[in-house]
Amino acid sequence: MKLIILGAPGAGKGTQAQLIADKYGIPHIATGDILRDAIQSGKMLGATARSFMERGKLVPDEIVIELTLRRLSQDDCKNGFILDGFPRTLRQAKEFTERHEIDMVIDIHVDESVLISRVTGRRSCPHCREVYHVKINPPRKEGICDRCGFDLILRDDDTEAILTNRLRVFHEETEPLIEYYSERNLIQEIDGDRDIQAIQASIDDTISHLVKK
Ligand code: AP5
Ligand code: MG
Ligand code: ZN
């Protein structure tokens with residue numbers, strides 16, 4: 001099962017991708033998380049990535065394409081994967097298409113008015129990357145990750161001002177991918193303006209037939 005999950009910042013890509021990954025035993029590959037890991041571990045690449053991410057801009061294509069293709073060449077991706085946050089530009093999509101076939105692109109659609117409270121209420125684990133929401137999806141113990149026990153943080157780019165930039169970039173650079181994948185009959189649109197379990201059930205309905213392939 002080879003999937004891509006598309007959607008605006010805060011649409012719920014990471015939340016749903018992790019649920020799919022857990023259920024079907026495929027790796028959840030989130031380029032945002034890979035880049036945040038590079039920043040945290042003090043790599044050169046991390047310093048470059050940070051200068052773009054902290055302004056809500058996209059990290060240059062050549063860096064992200066190389067990182068993602070390298071990750072996909074690892075053994076655990078042989079039987080499938082779910083890509084979250086990649087591709088994000090037409091160039092990324094085209095270079096990816098040259099090397100990998102995919103089964104489906106899940107496009108999670110959420111009204112823009114909902115995104116601000118989702119993003120500013122999100123708390124993220126800097127260790128295992130699990131995401132929570134202070135109101136809708138809180139951890140069992142306030143401020144502590146259920147999975148690994150680390151202190152949760154607010155991501156540097158999860159402010160209203162930076163979200164505005166991220167949304168503009170999404171409309172300009174990433175939305176054209178919906179047409180790109182529609183032309184290839186790969187898009188499956190999902191209404192993301194419902195609770196997490198209802199969205200998960202809809203996604204599950206649309207992907208379960210892929211398992212037997
Ligand atoms: P990235 O980390 O991918 O961020 P993003 O696309 O802005 O998306 P988010 O992670 O903010 O949202 P999400 O859709 O995953 O939502 P989540 O499930 O957490 O990228 C960050 C940056 O890295 C980019 O700006 C760019 O600089 C760089 N980058 C990454 N990939 C790149 C690429 N390919 N090319 C170039 N640059 C790249 O949910 C959000 C919140 O809502 C959570 O609190 C969650 O608990 C809650 N929630 C989830 N679902 C629901 C629901 N149904 N109802 C209510 N609340 C919900
Ligand atoms: Mg995410
Ligand atoms: Zn954790």
Side-chain angles (χ1 to χ4, degrees), residues 4-19 28-39 46 48-69 71 82-93 95-96 106-111 114-139 143-159 162-163 165-170 173-174 177 190-203:
I4 289 172
I5 193 155
L6 264 184
K13 300 182 295 295
T15 302
Q16 295 298 332
Q18 191 56 49
L19 291 168
H28 167 201
I29 299 172
T31 43
D33 288 344
I34 296 176
L35 292 166
R36 281 183 286 274
D37 284 344
I39 294 175
T48 309
R50 168 178 267 159
S51 67
F52 293 95
M53 291 167 82
E54 68 188 7
R55 288 178 289 150
K57 292 191 156 195
L58 293 184
V59 175
D61 282 335
E62 48 281 19
I63 295 179
V64 185
I65 292 169
E66 216 227 289
L67 267 179
T68 310
L69 293 178
R71 176 67 186 86
I82 177 152
L83 272 175
D84 155 13
F86 181 94
R88 233 171 167 106
T89 63
L90 274 174
R91 177 171 161 206
Q92 291 178 19
E95 294 206 17
F96 177 70
I106 299 162
D107 173 30
I108 305 192
H109 191 267
V110 178
D111 205 77
V114 177
L115 298 175
I116 294 176
S117 63
R118 282 206 189 169
V119 163
T120 54
R122 170 169 49 199
R123 295 297 178 271
S124 307
C125 176
H127 182 63
C128 74
R129 305 294 172 198
E130 186 77 349
V131 295
Y132 301 86
H133 189 280
V134 286
K135 292 202 184 105
I136 298 140
N137 180 25
I144 307 289
C145 179
D146 291 347
R147 277 200 177 199
C148 74
F150 267 64
D151 287 346
L152 301 177
I153 57 157
L154 180 71
R155 257 167 56 179
D156 289 342
D157 58 347
D158 277 350
T159 64
I162 298 175
L163 178 63
N165 290 340
R166 287 160 62 196
L167 280 169
R168 193 178 51 237
V169 169
F170 172 75
E173 306 271 1
T174 309
L177 298 188
I190 295 283
D191 172 11
D193 218 342
R194 296 173 291 159
D195 66 43
I196 292 173
Q197 288 72 24
I199 299 166
Q200 186 193 8
S202 298
I203 293 179

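When a ligand or atom number is given, it counts from 1 through the structure's own listing order.
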Colleague: Testing Arg129, Glu130, His28 for side-chain hydrogen bond (donor to acceptor under 3.5 Å, both in side chains) with Gln18, which one passes?
Modeller: His28
Colleague: Could you identify the single nearest non-hydrogen protein atom to atom 7 (O) of ligand 1 and state the distance to 0.1 Å?
Modeller: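 Ranking protein heavy atoms by distance from atom 7 (O) of ligand 1, first comes Arg166 NH2, 2.7 Å.
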Colleague: Which part of Asp33 is near ligand 1, with near meaning a heavy atom under 4.0 Å away: side chain, backbone, both or neither?
Modeller: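 For Asp33, there is no contact with ligand 1 at all, from either part.
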Colleague: Applying side chain to side chain donor-acceptor pair (under 3.5 Å) to Arg194 and Ser202, what does each step give before you reach the verdict?
Modeller: CA-CA 10 Å; Arg194 296 173 291 159; Ser202 298; 3.0 Å; yes
Colleague: List the steps and the verdict of side chain to side chain contact (heavy atoms under 4.5 Å, CB included) for Gln16 and Ile5.
Modeller: CA-CA 9 Å; Gln16 295 298 332; Ile5 193 155; 3.9 Å; yes
Colleague: What about Phe52: any of its N or O atoms under 3.5 Å from an N or O on ligand 1?
Modeller: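 There is no such contact.
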Colleague: Name the closest protein heavy atom to atom 10 (O) of ligand 1, giving the residue it belongs to and the distance to 0.1 Å.
Modeller: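 Closest protein heavy atom to atom 10 (O) of ligand 1: Arg155 NH1, 3.1 Å.
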Colleague: List ligand 1 atoms under 4.0 Å from Tyr132, heavy atoms only on the residue side.
Modeller: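 With Tyr132 as reference, the close atoms of ligand 1 come out as 43 (C), 44 (O), 46 (O).
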Colleague: Evaluating non-hydrogen atoms only, which member of Val59, Asp193, Asp84 is closest to atom 37 (N) of ligand 1?
Modeller: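 Checking each option, the heavy atom nearest atom 37 (N) of ligand 1 is found in Val59.
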Colleague: Counting each atom of ligand 1 from 1 as listed, which ones have a heavy atom of Arg36 under 4.0 Å away?
Modeller: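 It comes down to these atoms of ligand 1: 2 (O), 21 (C).
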Colleague: Measuring only between side-chain heavy atoms, which start at C-beta, is Leu154 closer than 4.5 Å to Arg122?
Modeller: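 They are not in contact (no side-chain heavy atoms under 4.5 Å apart), so the answer is no.
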Colleague: With a heavy-atom distance limit of 4.0 Å, tell me whether Arg123 approaches ligand 1 through its side chain, its backbone, both, or neither.
Modeller: neither
Colleague: Check this for me: does any side-chain nitrogen of one of Arg91 and Glu173 sit under 4.0 Å from a carboxylate oxygen of the other?
Modeller: no
Colleague: The test is side chain to side chain contact (heavy atoms under 4.5 Å, CB included); show your working for Leu35 and Leu67 and say whether it passes.
Modeller: CA-CA 9 Å; Leu35 292 166; Leu67 267 179; 3.5 Å; yes
Colleague: Is there side-chain contact between Leu19 and Ile196, with at least one heavy-atom pair below 4.5 Å?
Modeller: yes
Colleague: Is Arg194 near ligand 1, meaning one of its heavy atoms is under 4.0 Å from it?
Modeller: yes
Colleague: Mark yes when over 12 heavy atoms from residues, nucleotides or ligands other than Asp191 sit less than 6.0 Å from its CG; otherwise mark no.
Modeller: yes
Colleague: With atoms numbered from 1 as shown, which atoms in ligand 1 lie under 4.0 angstrom from a non-hydrogen atom of Ile136?
Modeller: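 Numbered from 1, ligand 1 contributes 55 (C), 56 (N).
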Colleague: Identify, for atom 45 (C) of ligand 1, the protein heavy atom at the shortest distance, and state residue, atom and that distance.
Modeller: Thr15 OG1, 3.8 Å
Colleague: Looking at the Zn ion (ligand 3), is there an N, O or S atom belonging to His127 that lies under 2.8 Å away from it?
Modeller: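 So His127 does not count as coordinating the Zn ion (ligand 3).
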Colleague: In sequence, state the C-alpha distance, the side-chain angles, and the governing distance for Arg36 and Met53, and then conclude on side chain to side chain contact (heavy atoms under 4.5 Å, CB included).
Modeller: CA-CA 9 Å; Arg36 281 183 286 274; Met53 291 167 82; 3.9 Å; yes
Colleague: Out of all atoms in ligand 1, which are within 4.0 Å of some heavy atom of Thr31? Include the element for each.
Modeller: 30 (C), 31 (N), 32 (C), 34 (N)
Colleague: What do you get for the angle at the Zn ion (ligand 3) between SG on Cys128 and SG on Cys125, to the nearest 10 degrees?
Modeller: 110°
Colleague: Considering only protein heavy atoms, which is closest to atom 8 (O) of ligand 1, and at what distance to one decimal place?
Modeller: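 Looking at atom 8 (O) of ligand 1, the protein heavy atom closest to it is Lys13 NZ, 3.0 Å.
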Colleague: Against ligand 1, does Gly56 come closer than 4.0 Å with any heavy atom?
Modeller: no
Colleague: What part of Asn137, side chain from CB on, backbone N/CA/C/O, both or neither, has a heavy atom under 4.0 Å from ligand 1?
Modeller: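 For Asn137, the contact with ligand 1 is made by the side chain alone.
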Colleague: Within 45° of the six-membered ring axis of Phe170 and under 6.0 Å from that ring's centre, is NZ or CZ of Arg168 located there?
Modeller: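 Ring-cation test returns no.
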Colleague: Give the residue and atom name of whichever protein heavy atom lies nearest to atom 3 (O) of ligand 1, and the separation in Å to one decimal.
Modeller: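 Answer for atom 3 (O) of ligand 1: Arg88 NH1, 3.2 Å.
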Colleague: Where do Val59 and Thr48 land on the side chain to side chain contact (heavy atoms under 4.5 Å, CB included) test, with the steps shown first?
Modeller: CA-CA 8 Å; Val59 175; Thr48 309; 5.9 Å; no
Colleague: Could you see which bit of Phe170 sits under 4.0 Å from ligand 1, with heavy atoms only: side chain, backbone, both or neither?
Modeller: neither
Colleague: Mark up the atoms of ligand 1 that fall under 4.0 Å of a heavy atom belonging to Val131, in ascending order.
Modeller: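 So the atoms of ligand 1 that pass are 19 (O).
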Colleague: State, to the nearest 10 degrees, the angle whose vertex is the Zn ion (ligand 3) and whose arms point to SG of Cys145 and SG of Cys148.
Modeller: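 An angle of 110° at the metal.
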Colleague: Which of the numbered atoms in ligand 1 are below 4.0 angstrom from a heavy atom of Pro9?
Modeller: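 Every atom of ligand 1 under 4.0 Å from some heavy atom of Pro9: 5 (P), 7 (O), 8 (O), 12 (O).
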Colleague: Atoms of ligand 1 less than 4.0 Å from Gly14 heavy atoms?
Modeller: 13 (P), 15 (O), 18 (O)
Colleague: What protein heavy atom sits nearest atom 35 (N) of ligand 1, and how far away is it?
Modeller: Gln92 NE2, 2.9 Å
Colleague: Looking at Ile199, which atoms of ligand 1 are within less than 4.0 Å of one of its heavy atoms?
Modeller: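 Per the distance check, 53 (N).
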Colleague: Only heavy atoms count here, so choose which of Arg50, Lys57, Glu130 is nearest to atom 27 (O) of ligand 1.
Modeller: Lys57
Colleague: Whether Asp158 and Arg166 form a salt bridge (side-chain N of Lys/Arg under 4.0 Å from carboxylate O of Asp/Glu) is what I want to check.
Modeller: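 A salt bridge is present here (some side-chain N lies under 4.0 Å from a carboxylate O).
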Colleague: Name the orientation class of the two ring planes belonging to Phe86 and Phe96 (parallel below 30°, tilted from 30 to 60°, perpendicular beyond 60°).
Modeller: perpendicular
Colleague: Can you pull out the closest protein heavy atom to atom 40 (C) of ligand 1? Residue, atom name and distance to 0.1 Å, please.
Modeller: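 For this ligand atom, the closest protein heavy atom is Arg122 NH1, 3.6 Å.
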Colleague: If every non-hydrogen atom of Lys13 is compared with every non-hydrogen atom of Leu6, which pair is closest and at what distance?
Modeller: CD-C, 3.9 Å
Colleague: Where on Ala8 is there a heavy atom closer than 4.0 Å to ligand 1, on the side chain, on the backbone, on both, or on neither?
Modeller: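 Looking at Ala8 and ligand 1, just backbone atoms fall under 4.0 Å.
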Colleague: Look at atom 34 (N) of ligand 1 and say which protein heavy atom is nearest, naming residue and atom and giving the distance to 0.1 Å.
Modeller: Gly85 O, 2.8 Å
